[in-house]
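In this chain, residues are counted from 1 in sequence order.
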Amino acid sequence: MEKISFPPLIAELSDKSALYNHWYDENEMKYGSLPSHSILRWMEEVVEPIVKAVYNQNSAPEKIHEIVKALYLESLKLIGSGQAIRYNNEYKTAWLLMAEMPNLVLKFPTKTIYLLNDVLLNFHSYAVEKILDWCQLMKNTSIEIKTIEDFKTAGRIYAWKCGLAHLRTRLKADFCELSENLQQLIVNNLDSDHKRDDLFDLPWSNNDTKFEGVQGGFKGSMGFFEHPPKLAQIDDHVFVTDSKNSYALFADQFGTVLVPADTVDSDYILSNSKRLETLEKWLEKNHEIDRNTISSVAATKDTLVFTLQNSYFLYLFSLGNA
């Protein structure tokens, strides 16, 4: 730990070295040989700045021990599992948010770490390329994040902003519980054309029909489907299946995601699949679409999706907010 320069952290690790070595040995038994150079770098670049920020809020030795213990144990898990090595920059940037919000770390050290790690795991499933964007949004807002509930709500809203469209419908009520200052910061960071009252109600930023791209793809090429899929609208939700893999589709101005729908039977989706009757009126205005190639369609009040024969993709159109 020779590169660590913060005296209270040096004292904690030195005075309780037997305890920290014991935890290190325990994790080596669980994960195998731990890369010492990665741990040293992580302690220097990530743990030390967090401990400094916490120390400025509360310098009590027992509190510093509680924080360092939590950070050390969770660091060993993260490095031992390989997550902090494979996604080093993402986890480093996310963990350093704790230095921006030491009040949360003081009250809930382990819980705050778990929340951050859970966010990154979700992004790994849906939009790993947006992790650093999410971190920057959280950093921009950290000054007004006072409670763990503030953290959870702001984190979910920004995850939605970064592409996790399935979160939108649950956000409005939570947003209303935030302080006025935090609400305003979030609205500014969302950079949406919608008024505040419409943020979570209107999925699209346009008032006209617009092609929003494709989703899906062949599973063998980092996609989702082994066979050309078919869609069905069930209640207010859009589902898609290739007979083996079933998903719920969520799409809005910030992103499109397919969420596994393992509890929805693929045969039930196929039995509700429709091909043309709900699309005829729309096709009248879009003559470039060959209706004979369309294999299924689903249309909510704001989104139209269809599949084509022999295609592994879903084709999405926003119907606007008019």
Work out which heavy atom in [X] is nearest to a heavy atom in [Y]; give both atom names and the distance.
| X | Y | value |
| --- | --- | --- |
| Ser36 | Tyr24 | CB-OH, 4.5 Å |
| Ala84 | Trp42 | CB-CZ3, 4.0 Å |
| Ala53 | Pro102 | O-CB, 3.7 Å |
| Ala298 | Ala232 | CB-C, 4.2 Å |

So how far is it from [X] [atom1] to [Y] [atom2], rounded to the nearest 0.5 Å?
| X | Y | atom1 | atom2 | value |
| --- | --- | --- | --- | --- |
| Ile269 | Ser296 | CD1 | OG | 11.0 Å |
| Asn310 | His227 | CG | NE2 | 13.0 Å |
| Leu116 | Leu78 | CG | CG | 10.5 Å |
| Lys152 | Thr112 | NZ | OG1 | 10.0 Å |
| Lys52 | Ser5 | NZ | OG | 4.5 Å |
| Leu34 | Ile79 | CG | CD1 | 7.5 Å |

Does any non-hydrogen side-chain atom of [Y] lie less than 4.5 Å from one of [X]?
| X | Y | answer |
| --- | --- | --- |
| Tyr87 | Val128 | yes |
| Leu319 | Thr303 | no |
| Ile186 | Tyr158 | yes |
| Thr300 | Asp236 | no |
| Leu164 | Phe123 | yes |
| Pro49 | Leu96 | yes |
| Ser142 | Leu97 | no |
| Asp150 | Glu144 | no |

Can you list the steps and then say if Glu212 with Trp204 is a side-chain contact (heavy atoms from CB on, under 4.5 Å)?
CA-CA 10 Å; Glu212 299 291 347; Trp204 304 106; 3.6 Å; yes
Between the side chains of Glu149 and Lys107, is the shortest nitrogen-to-carboxylate-oxygen separation below 4.0 Å, so that they form an ion pair?
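Here Lys107 does not pair with Glu149 in a salt bridge, since their nearest N and O are not under 4.0 Å apart.
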Is the count of non-hydrogen atoms from other residues, nucleotides or ligands lying under 6.0 Å from [X] atom [atom1] greater than 12?
| X | atom1 | value |
| --- | --- | --- |
| Asn56 | CG | yes |
| Lys139 | NZ | no |
| Lys63 | NZ | yes |
| Asp235 | CG | no |
| His124 | NE2 | yes |
| Ile234 | CD1 | yes |
| Arg170 | CZ | no |

Val259 vs Tyr126, test: side-chain contact (heavy atoms from CB on, under 4.5 Å). Steps then yes/no.
CA-CA 9 Å; Val259 178; Tyr126 300 111; 3.7 Å; yes
Decide whether [X] and [Y] are clustered together by the hydrophobic rule: side chain heavy atoms of Ile, Leu, Val, Met, Phe, Trp, Tyr closer than 4.5 Å, transitively.
| X | Y | answer |
| --- | --- | --- |
| Phe108 | Met98 | yes |
| Met29 | Leu73 | no |
| Leu9 | Trp23 | yes |
| Phe254 | Leu185 | no |
| Val119 | Leu71 | yes |

Give a yes or no answer on whether the side chain of [X] reaches the backbone of [Y] with a donor-acceptor pair at less than 3.5 Å.
| X | Y | answer |
| --- | --- | --- |
| Ser14 | Ala11 | no |
| Glu48 | Phe6 | yes |
| Lys146 | Ile143 | yes |
| Asn58 | Val54 | no |
| Lys219 | Glu226 | no |
| Glu66 | Val68 | no |
| Gln215 | Leu314 | no |
| Ser81 | Lys77 | yes |
| Trp134 | Gly155 | yes |

Under a 3.5 Å threshold, yes or no: a donor from one side chain and an acceptor from the other, between [X] and [Y]?
| X | Y | result |
| --- | --- | --- |
| Ser221 | Tyr312 | no |
| Thr307 | Ser295 | yes |
| Gln253 | Ser318 | no |

Using the salt bridge (Lys or Arg N to Asp or Glu O under 4.0 Å) definition, which of the options Arg168, Lys301, Lys172 pairs with Asp201?
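Option passing the salt bridge (Lys or Arg N to Asp or Glu O under 4.0 Å) with Asp201: Lys172.
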Please test Glu180 against Arg196 for salt bridge (charged side-chain N to carboxylate O under 4.0 Å, His left out), starting from the C-alpha separation and ending with a verdict.
CA-CA 12 Å; Glu180 181 64 28; Arg196 180 185 295 202; 3.2 Å; yes
Taking the six-membered ring for Trp and the single ring otherwise, decide whether the centroids of Phe225 and Tyr247 are under 6.0 Å apart.
yes
When the aromatic ring centroids of Tyr268 and Phe239 are compared, is their separation below 6.0 Å?
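Tyr268 vs Phe239: aromatic centres not under 6.0 Å.
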Before giving the answer on side-chain contact (heavy atoms from CB on, under 4.5 Å), spell out for Leu304 and Val297 the whole-Å C-alpha distance, their side-chain angles and the decisive distance to 0.1 Å.
CA-CA 7 Å; Leu304 173 85; Val297 60; 3.8 Å; yes
Apply ring pair (Phe, Tyr, Trp, His ring centres under 6.0 Å) to Phe200 and list each qualifying residue two or more places apart in sequence or on a separate chain.
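Ring pair (Phe, Tyr, Trp, His ring centres under 6.0 Å) check on Phe200 returns Trp160, Phe175.
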Among Asn181, Leu182, Asn188, find the one that has a side-chain contact (heavy atoms from CB on, under 4.5 Å) with Gln184.
Asn188
When Ile157 is tested against each of Asn189, Leu199, Leu171, Thr141 for side-chain contact (heavy atoms from CB on, under 4.5 Å), which residue passes?
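It is Leu171, the one option of Asn189, Leu199, Leu171, Thr141 that forms the side-chain contact (heavy atoms from CB on, under 4.5 Å) with Ile157.
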Take the angle between the ring planes of Phe306 and Phe317 and call it parallel below 30°, perpendicular above 60°, tilted in between.
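Parallel, since the angle between the ring planes stays under 30°.
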Could you note down all residue pairs passing salt bridge (charged side-chain N to carboxylate O under 4.0 Å, His left out) where residues 16-44 supplies at least one of them, sequence neighbours left out?
Glu12-Lys16
As a quick check of understanding, evaluate side-chain contact (heavy atoms from CB on, under 4.5 Å) for Val214 and Leu316, giving each step before the final call.
CA-CA 6 Å; Val214 299; Leu316 287 85; 5.6 Å; no
